[in-house]
Amino acid sequence: MEDKEILEKLRANNPFVSSASPLPWDNKNPDLLQLSREASEDIEQLMRHKRREPSTPLAGLVLGEPGSGKTHMLARILRRMRSRSRFSVFVAVRIFRDAQSVTKYLLDEIFVNLKQVHSNGRTQFDMIMSEFANSYQERRRQDGYSKAEIARLDPRSLIARDIPGLERNFLKCFVQYLSTSDPAARNDILDWLSEGLEGEDALKLGLPDRDLNSLSDARREQEAEKVLIALGLILSYAKVSMIICFDQLDAMKDRELISAWGNIINLLMNNLSGILPLCFLRSEIWNDVFMPVLDDAIVQRLRNNTMIMKTCSLEQARLLIRMKIEALFTDDAEEIFQWLIKRMGSTLRDGYSPRVIIELANHAITATGEITESPVPVDDNSAPLDENDIIAELIKNNYEDEYKKVQSEPNAWPPNADQLTLALSVWLNSHDGFEFKKSDLKNMKLIGKYHGRDFSFVVVTGKSHFVASAGLNRGSDFLTSHQKDSYCCYISEEKVHKPTWKQVKEAIKKFENLGGRVILLDANERIKWYALTALINRVDNGDVNLYLSSGNRVATREDIKDFVKNFKLVDFPFDDDGSEAEIINLPAGLNDAVISNMLNEMVEASPMNMLGTLKAIDLLAQRGVNLTVKDLMAFVKRETTFKIYKNANDESIISFS
């Protein structure tokens with residue numbers, strides 16, 4: 001084949017378009033079996049020990065660079081265990097941010113993983129409960145009961161006898177989960193365990209009202225620990241082990257946070273049976289940041305079971321590329337492989353992680369001209385990009401990857417106030433003039449000044465009318481106690497707000513009458529926020545690589561500042577100098593997204609993608625949307641999708657940015 005034909009084939013069906021791996025249990029990507037073989041064997045040995053003696057305090061420390069093949073290694077382990085009819089639960093825990101809520105955060109992350117649906121249509125919690133039921137049946141057979149007699153027994157009293165330490169309401173949850181096949185009821189049970197339910201939802205389950213999010217930090221941590229201990233008892237009874245992988249730990253630099261995380265490791269090792277914590281870190285972060293802070297006993301436990309994730313040799317790098325090509329191409333695989341290796345040239349070296357190798361191969365396919373260190377697609381007729389443009393394009397590409405992941409796995413990102421606040425704080429920091437700090441008041445996440453004007457943000461994601469009302473009232477108190485030009489925004493999600501909440505409706509009305517602003521993220525809008533959170537987590541953890549002509553390095557918060565600044569997360573009513581911005585009066589029942597979509601369609605259908613404002617007013621009116629020229633101009637100015645300029649007749653023209 002000609003070079004051009006090979007390149008066209010690869011661009012049409014690129015095996016290296018993403019370096020991200022799926023979750024281990026569904027990972028079917030090509031795997032280098034010899035890569036980190038020793039580490040995987042050591043982890044399997046720990047798991048076998050944990051299965052034989054569930055109460056033995058064990059934990060593993062895995063040292064290596066991000067992208068070193070951790071997901072493939074875990075998938076390999078899980079496959080081997082299942083081939084031996086041994087079921088284990090896998091949990092991936094993302095970065096910890098708040099030292100005051102590490103136990104509750106761990107609980108949230110565990111249930112996020114347990115609720116994930118596998119390719120077989122079942123969740124991990126379903127599979128735990130199946131093993132639990134099998135264990136119950138086996139115990140009853142050992143008691144001498146027949147199958148028919150077992151069916152007539154009261155399982156609650158017998159399980160209470162089998163597991164004397166299991167609290168009554170937790171026992172009720174687990175038994176009810178087994179007795180129903182209704183997905184909604186099962187989801188409510190898991191919600192009651194992980195965060196709580198109230199009112200009719202709790203009443204339907206015969207359980208007391210419970211809301212972990214309304215508790216003080218200390219009390220919430222205590223309640224979360226109780227659930228974790230109950231879960232450990234269930235795992236032990238079902239003879240199921242759980243691997244908890246602590247990822248993105250490199251971003252944790254705060255001593256208080258590391259110490260609190262160490263307490264979590266201690267809890268998992270010493271108080272919960274059948275759970276094996278695996279901690280993934282770079283060697284230098286472990287030695288310089290974690291070891292000086294952690295308790296000596298924890299350090300010793302982790303050092304006793306330390307594994308090294310190795311990087312690829314040049315031979316392994318070429319094998320990885322070959323395997324990825326052969327997975328998509330058949331007859332032409334060898335010719336395509338040889339062409340790509342030649343094109344990559346000296347960029348392919350010893351000592352790279354699998355992720356870097358895949359990114360470099362993708363660059364060789366998407367870039368034009370001579371291959372350099374920069375994996376950014378360049379159109380054949382475009383001018384060369386400077387380094388800032390390359391960084392911007394790389395950050396944009398990484399964000400789009402995260403956006404697709406959140407979009408495809410929304411349940412992996414349940415409503416989380418701290419994660420929304422992280423995205424919001426980084427967005428505020430990308431603009432000049434904001435001075436803010438974390439608020440000490442419950443539900444009020446951020447408080448500060450913008451060019452002398454007071455502002456605050458209340459972020460609430462609990463499924464409780466009490467918490468929602470308390471958050472709105474907190475915002476109203478802020479507005480009444482500060483200057484009349486102060487600003488407060490209440491942020492939540494549509495999926496946790498029930499339209500039947502009368503008390504919340506009244507609180508919203510009071511809040512808005514005082515000038516407060518309410519943002520309820522819909523299914524599409526929330527993707528943008530959580531994708532931004534995911535990008536920030538990866539940047540903070542050093543997981544975003546920048547391949548530049550001046551040298552390779554990892555991205556920093558400063559590198560994403562301009563990209564984040566262009567987001568429209570909230571409608572802040574102040575201009576850059578702190579003066580009041582134009583108020584946009586949108587017709588009732590409409591929001592920014594609806595009007596933006598309409599404008600997008602109209603501009604796209606206009607000659608040369610240019611639409612006069614008067615024509616836009618007329619077209620919007622035909623669709624039942626009546627805006628003044630002033631409101632339309634103010635709307636377009638704050639939307640990053642569009643730009644406004646004057647034509648020769650001094651008419652304002654709307655076009656794409």
Side-chain angles (χ1 to χ4, degrees), residues 24-25 38-62 73-74 76-93 103 106-107 110 113-114 124-125 127-143 159-167 170-171 174 225-246 261-280 294-307:
W25 51 75
E38 291 179 10
S40 63
E41 289 174 352
D42 288 345
I43 292 172
E44 282 192 75
Q45 185 176 347
L46 285 177
M47 292 176 66
R48 285 193 294 270
H49 192 149
K50 200 68 176 174
R51 181 178 289 275
R52 287 195 306 269
E53 301 177 34
S55 60
T56 303
L58 290 175
L61 174 64
V62 186
M73 178 184 70
L74 293 171
R76 196 183 312 142
I77 292 170
L78 292 176
R79 281 197 302 270
R80 279 205 288 264
M81 292 189 66
R82 288 177 185 173
S83 69
R84 300 166 188 157
S85 299
R86 293 174 181 169
F87 170 62
S88 288
V89 176
F90 172 84
V91 170
V93 179
T103 313
L106 174 62
L107 180 68
I110 287 174
N113 283 263
L114 295 185
Q124 291 200 102
F125 198 81
M127 290 182 262
I128 292 172
M129 287 290 98
S130 292
E131 296 297 319
F132 183 87
N134 291 339
S135 184
Y136 168 77
Q137 298 274 345
E138 178 61 29
R139 285 169 181 260
R140 301 294 76 84
R141 284 192 292 270
Q142 291 175 2
D143 290 340
I159 294 171
R161 186 193 70 187
D162 293 340
I163 317 175
L166 187 59
E167 196 268 331
F170 294 152
L171 169 60
F174 295 126
E225 183 174 324
K226 288 179 183 178
V227 180
L228 288 175
I229 290 172
L231 185 59
L233 292 171
I234 293 300
L235 290 169
S236 181
Y237 186 87
K239 299 177 183 176
V240 171
S241 57
M242 176 186 284
I243 312 168
I244 300 185
C245 297
F246 291 93
W261 174 82
N263 292 336
I264 285 291
I265 300 300
N266 185 62
L267 171 70
L268 295 176
M269 285 195 302
N270 297 310
N271 295 67
L272 278 76
S273 293
I275 293 180
L276 176 65
L278 291 179
C279 313
F280 292 83
L294 293 175
D295 181 82
D296 289 343
I298 295 173
V299 170
Q300 193 58 48
R301 293 276 187 198
L302 291 171
R303 291 179 70 175
N304 286 343
N305 298 297
T306 299
M307 292 141 276

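Sequential numbering from 1 along the given sequence is applied to the chain's residues.
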Any idea which heavy atoms bring [X] and [Y] closest together, and the distance?
{"X": "Met269", "Y": "Lys50", "value": "O-NZ, 4.5 Å"}
{"X": "Ile265", "Y": "Cys279", "value": "CD1-SG, 4.0 Å"}
{"X": "Met47", "Y": "Ser88", "value": "CE-OG, 3.6 Å"}
{"X": "Pro57", "Y": "Asn270", "value": "CB-OD1, 3.4 Å"}
{"X": "Met73", "Y": "Ser40", "value": "CG-CB, 3.5 Å"}
{"X": "Ala39", "Y": "Met307", "value": "O-SD, 3.7 Å"}

As an exercise, state the distance from [atom1] of [X] to [atom2] of [Y], rounded to the nearest 0.5 Å.
{"X": "Met129", "Y": "Glu131", "atom1": "CE", "atom2": "CD", "result": "10.5 Å"}
{"X": "Ile128", "Y": "Ile234", "atom1": "CD1", "atom2": "CD1", "result": "9.5 Å"}
{"X": "Leu228", "Y": "Leu267", "atom1": "CG", "atom2": "CG", "result": "6.0 Å"}
{"X": "Asn263", "Y": "Ile298", "atom1": "CG", "atom2": "CD1", "result": "6.5 Å"}
{"X": "Leu171", "Y": "Ile163", "atom1": "CG", "atom2": "CD1", "result": "7.5 Å"}
{"X": "Asp295", "Y": "Arg301", "atom1": "CG", "atom2": "CZ", "result": "11.0 Å"}

Check: Gln45/Glu41 side-chain N/O donor and acceptor closer than 3.5 Å: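 Glu41 and Gln45 do not have a side-chain donor-acceptor pair below 3.5 Å.
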Side-chain donor-acceptor contact under 3.5 Å, Asn304 with Gln300: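 Per modelled atom types, Asn304 and Gln300 side chains form a pair under 3.5 Å.
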Less than 4.5 Å apart, side chain to side chain, heavy atoms only: is that true for [X] and [Y]?
{"X": "Ile229", "Y": "Leu272", "value": "yes"}
{"X": "Lys226", "Y": "Glu167", "value": "no"}
{"X": "Ile159", "Y": "Arg139", "value": "no"}
{"X": "Leu106", "Y": "Leu268", "value": "yes"}
{"X": "Leu231", "Y": "Met242", "value": "yes"}
{"X": "Tyr237", "Y": "Leu166", "value": "no"}

Which residues share a salt bridge (charged side-chain N to carboxylate O under 4.0 Å, His left out) with Arg52, sequence neighbours left out: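 Partners of Arg52 by the salt bridge (charged side-chain N to carboxylate O under 4.0 Å, His left out) criterion come out as none, since no residue qualifies.
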Main-chain N/O of Thr103 paired to Glu225 side chain as donor or acceptor, under 3.5 Å: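 Pair absent, no side-chain N/O of Glu225 close to backbone of Thr103.
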Intermediate values then yes/no, side chain to side chain contact (heavy atoms under 4.5 Å, CB included), Ile264 and Phe246: CA-CA 11 Å; Ile264 285 291; Phe246 291 93; 4.2 Å; yes
Aromatic ring pairing Phe174/Phe132, orientation class (parallel under 30°, perpendicular over 60°, tilted between):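 Rings of Phe174 and Phe132: tilted, as their planes differ by 30° to 60°.
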Test: Asp296 and Arg303 ion pair at under 4.0 Å: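 Salt bridge between Asp296 and Arg303, a charged N being under 4.0 Å from a carboxylate O: no.
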